[in-house]
Chemist: 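Submitted below is the structure of interest, expressed as structure tokens.
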Amino acid sequence: MASVDIRNVRKSFGTTEVLHGIDVSVPDQSFTVLVGPSGCGKSTLLRMIAGLEEISSGDIEIGGRVVNKMPPKQRDIAMVFQNYALYPHMKVFDNMAFSLKLAKVAPDLINRKVSEAAEVLNLTEYLDRYPRQLSGGQRQRVAMGRAIVRDPQVFLFDEPLSNLDAKLRVQMRTEIKELHQRLSSTSIYVTHDQIEAMTMADQIVVMRDGIIEQIGAPLELYDRPHNTFVAGFIGSPAMNIIQGRMRLEDGKASFQVNDEIEMPLDEARGVANGADVLLGVRPEHWTFTNGQAGVPLDVSVVEPTGADTLVVCKLDGHEVLASFKERYEFAPGERIRLTPSPGNIHLFDAATRERL
Amino acid sequence: MATTTEAEQVTPVGEDSSWYERLKHNRNWLGFLFMVPAAAILLVFLAYPLGLGVWLGFTDVKVGRPGQFVGFDNYAWLLEDDVFWLSVFNTFLYTVVASIFKFAIGLWLAVLLNRHMPFKSFLRAIVLLPFIVPTVLSALAFWWIYDSQDSVISWTLIEMGLIERPIDFLGDPNNARASVIVANIWRGIPFVAITLLAGLQTISPSLYEAATIDGANEWQRFWRITLPLLTPIIAVVMTFSVLFTFTDFQLIWVMTRGGPINATHLMATLSYQRAIIGGSLGEGAAIATAMIPFLLAAILFSYFGLQRRKWQQGGVDD
Ligand SMILES: Nc1ncnc2c1ncn2[C@@H]1O[C@H](COP(=O)(O)OP(=O)(O)OP(=O)(O)O)[C@@H](O)[C@H]1O
Ligand SMILES: [Mg+2]
């Protein structure tokens, strides 16, 4: 087992720089998820850790050794690819045994390791099949099996679940997490799905356009997003961001949407009177007041999902989403009043979009 | 079948007027009807000449003189004919040696061209050149290259002081064999290289990445990933290559006409010489017919032996 340290790593393809100085420290035995929108450079970073892409500048350390110039083989890592990259001409057994055979491991030890891995992954009865004869989920497991037989220091996953259907994805998510707990190996997992990131990670690295926006534990990102990007990216449905102005009067702070609508704040957080700010409230943090207090909103659509009731409203012409555990039956066009639950108001600077 | 019932409902089926109506709506009959043009073309342009050729092999037809059926006489003579057996030997030598080199060099070129490198498409175009040049033209070029007095190769070697007098490329039996084989290899490489290159491009790069991470070096990646995944295409390409080489005629005819002393006669050139030049159509046809079993064997070998792989079957998705 080993930690992975990424220090001021940059990557350019030709003259375009796609990673602009990445610093991440992945603790030993942790499950770190790299998440971000498409094209932000997650795969590139992962492939640099694997040794499939050259490092333009900076250092990558695995287990305390700088691996910048080391070929993948010596890095003691295993990788699960998005398209699984199973060898089509080899049976499941041989797919899993390939690395061990190349390393000239004794045949009976190979047998033992592969059958152990197959057992863990419920693949025992498929060992004699070719990849074509397997379902998507089974192929995915073979890809994992190929990684775990090697007993590597670090597991790398590049969107391993994105080719599966929604239900299977949830199931495999759990299986990967269980596997990680069992093997307690350092894992770095790339996804663009924030739910996957939230549910699986010990540590999430949110990336955008080749830079890191925030690193932290899932709930930390959820509770204290550093900027509006992270606020909008983590959590589903996404956080409502409302434009407005800070108003300080008699030592009391409030957030003004317009001349009529105003929300009391518990503190000004150092913002000057009249400054432009953005207020963030997650849909699940609205409370229905049933009275005169709270912000007035006009209901436009109600979407009951069974577990929650999603209500799309309009606030001063802007769309605001609210989600309730209760089964409210609002009519479209109805005016309701909601208040953000205390302690769940996020404030961001309107210009820098940083948290206040 | 829906059409049949509909038609029957619409048209009242009378006793005598109906055969045409019934045929018009009969699936099998219609299917047969639609097949007729294709079948006719195949029969007239493929089966008829082939049949005629085989039939000629059983007659003693000469050019300008109708002959008669002689059974296996032509074949009996051939069995005794040393020149025929020499041509069989030459054909095999030519095919086997040329095919091995075409395969090896073609695969090597394909792998090189599949790499990321500057002027990639330009180099690919260059490789195709021997294929584009008409065979006769390239044969003439080789004929000149192999000239007993003015050969560029001899000239270069003499200038370099490696040899003293020009090499007699096409005059000495073994030199002639080697020379025509080299010409054939040169001519056949593009087909093999470009087709294998197309095959290489179907192999997903992530397989190589996975193998790299699994610890395979370049050599192991080639043996364990590239080659096995390429076998189906290799089988097809090499079948065609063997067929083309086995039946080659133009190169030899332009360069040596089968000489010296029949050293480069292939079955195809011998057949032509006997049938058209010598006028013994029956004997020439018999020689040509004798090639058929070998060609069939080559096709069957690749079809059953190499082409279909288990890992390609099963699984309907992707
Ligand atoms: N080989 C390459 N040559 C040039 N540019 C590249 C190359 N590979 C990636 N890029 C660029 O680098 C950027 C990051 O790509 P990367 O594949 O890392 O994105 P990603 O975050 O994994 O996205 P996705 O979620 O879609 O997989 C993209 O803008 C992409 O166009
Ligand atoms: Mg990616």
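The model shown is predicted, which means the values in this text are computed figures rather than measured ones. Each chain gets a letter, A, B and so on, in the order its sequence line appears, and its residues count up from 1.
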Chemist: On a heavy-atom basis, which atom in A:Arg150 and which in B:Ile213 lie closest, and how many Å separate them?
Modeler: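 Answer, listing the atom of A:Arg150 first, then B:Ile213: NH1-O, 3.0 Å.
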Chemist: With a cut-off of 6.0 Å (strictly less than), are more than 12 heavy atoms of other residues, nucleotides or ligands near CZ of B:Phe222?
Modeler: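 Yes, because the 6.0 Å sphere around CZ of B:Phe222 holds more than 12 heavy atoms from other groups.
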Chemist: For A:Gln74, look at atom CD and say whether over 12 heavy atoms of other residues, nucleotides or ligands are found less than 6.0 Å away.
Modeler: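 More than 12 within 6.0 Å, yes.
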Chemist: Side chain, backbone, both or neither: which part of B:Ser204 has an atom under 4.5 Å from a heavy atom of chain A?
Modeler: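 Only the side chain of B:Ser204 comes within 4.5 Å of chain A.
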Chemist: At their closest point, which heavy atom of B:Ala211 faces which heavy atom of A:Phe98, and how far apart are they?
Modeler: CB-CE2, 4.1 Å
Chemist: What residues, two or more places apart in sequence or in another chain, satisfy side-chain hydrogen bond (donor to acceptor under 3.5 Å, both in side chains) together with A:Lys101?
Modeler: A:Asp94
Chemist: Let me know if A:Ala78 has heavy atoms under 4.5 Å from chain B in its side chain, its backbone, both or neither.
Modeler: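 It is the backbone, since no side chain atom gets that close.
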Chemist: Around B:Phe32, counting heavy atoms of other residues, nucleotides and ligands shown, do more than 12 lie under 6.0 Å from its CZ?
Modeler: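 12 or below, so no.
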Chemist: Return the option, out of A:Ala103, A:Ala147, A:Pro72, A:Ala143, with the maximum number of heavy-atom pairs under 4.5 Å with chain B.
Modeler: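 Of the candidates given, the most pairs with chain B belong to A:Pro72.
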Chemist: Is it true that, when you exclude B:Phe191 itself, more than 12 heavy atoms of the residues, nucleotides or ligands shown sit nearer than 6.0 Å to its CZ?
Modeler: yes
Chemist: Less than 4.5 Å to any heavy atom of chain A: does that hold for the side chain of B:Glu209, its backbone, both, or neither?
Modeler: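 Both parts, backbone and side chain.
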Chemist: Count the heavy-atom pairs under 4.5 Å between each of B:Ile203, B:Asp214, B:Leu207 and chain A, then report the option with the highest count.
Modeler: B:Asp214
Chemist: Would you find more than 12 non-hydrogen atoms of other residues, nucleotides or ligands less than 6.0 Å from B:Tyr208 atom OH?
Modeler: yes
Chemist: Check the surroundings of atom CD in A:Gln181: do more than 12 heavy atoms from other residues, nucleotides or ligands lie under 6.0 Å from it?
Modeler: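 Counting neighbours around CD of A:Gln181, more than 12 heavy atoms of other residues, nucleotides or ligands fall under 6.0 Å, so yes.
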Chemist: Checking an interface table here. Which of residues 34-53 of chain A come within a heavy-atom distance under 4.5 Å of chain B?
Modeler: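 The list, in residue order, reads A:Arg47, A:Ala50, A:Leu52.
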Chemist: Under 3.5 Å, which donor-acceptor pairs link side chains of residues 116-124 of chain A to any protein atom two or more places apart or in another chain?
Modeler:
none

Chemist: So, for A:Asn83 and B:Ser206, which heavy atoms are closest and what is the spacing to 0.1 Å?
Modeler: ND2-OG, 3.1 Å
Chemist: Under a 4.5 Å heavy-atom cut-off, does chain B meet the side chain of A:Tyr87, its backbone, both or neither?
Modeler: both
Chemist: Heavy-atom distances under 4.5 Å only: say whether A:Ile77 touches chain B with side chain, backbone, both or neither.
Modeler: both
Chemist: Taking A:His89 for its side chain and B:Leu230 for its backbone only, find out whether a donor-acceptor pair lies under 3.5 Å.
Modeler: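 Not confirmed, A:His89 side chain does not pair with B:Leu230 backbone.
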Chemist: Please name all residues satisfying salt bridge (charged side-chain N to carboxylate O under 4.0 Å, His left out) with A:Glu178, sequence neighbours left out, ordered by chain then number.
Modeler: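 So A:Glu178 forms no salt bridge (charged side-chain N to carboxylate O under 4.0 Å, His left out) with any residue.
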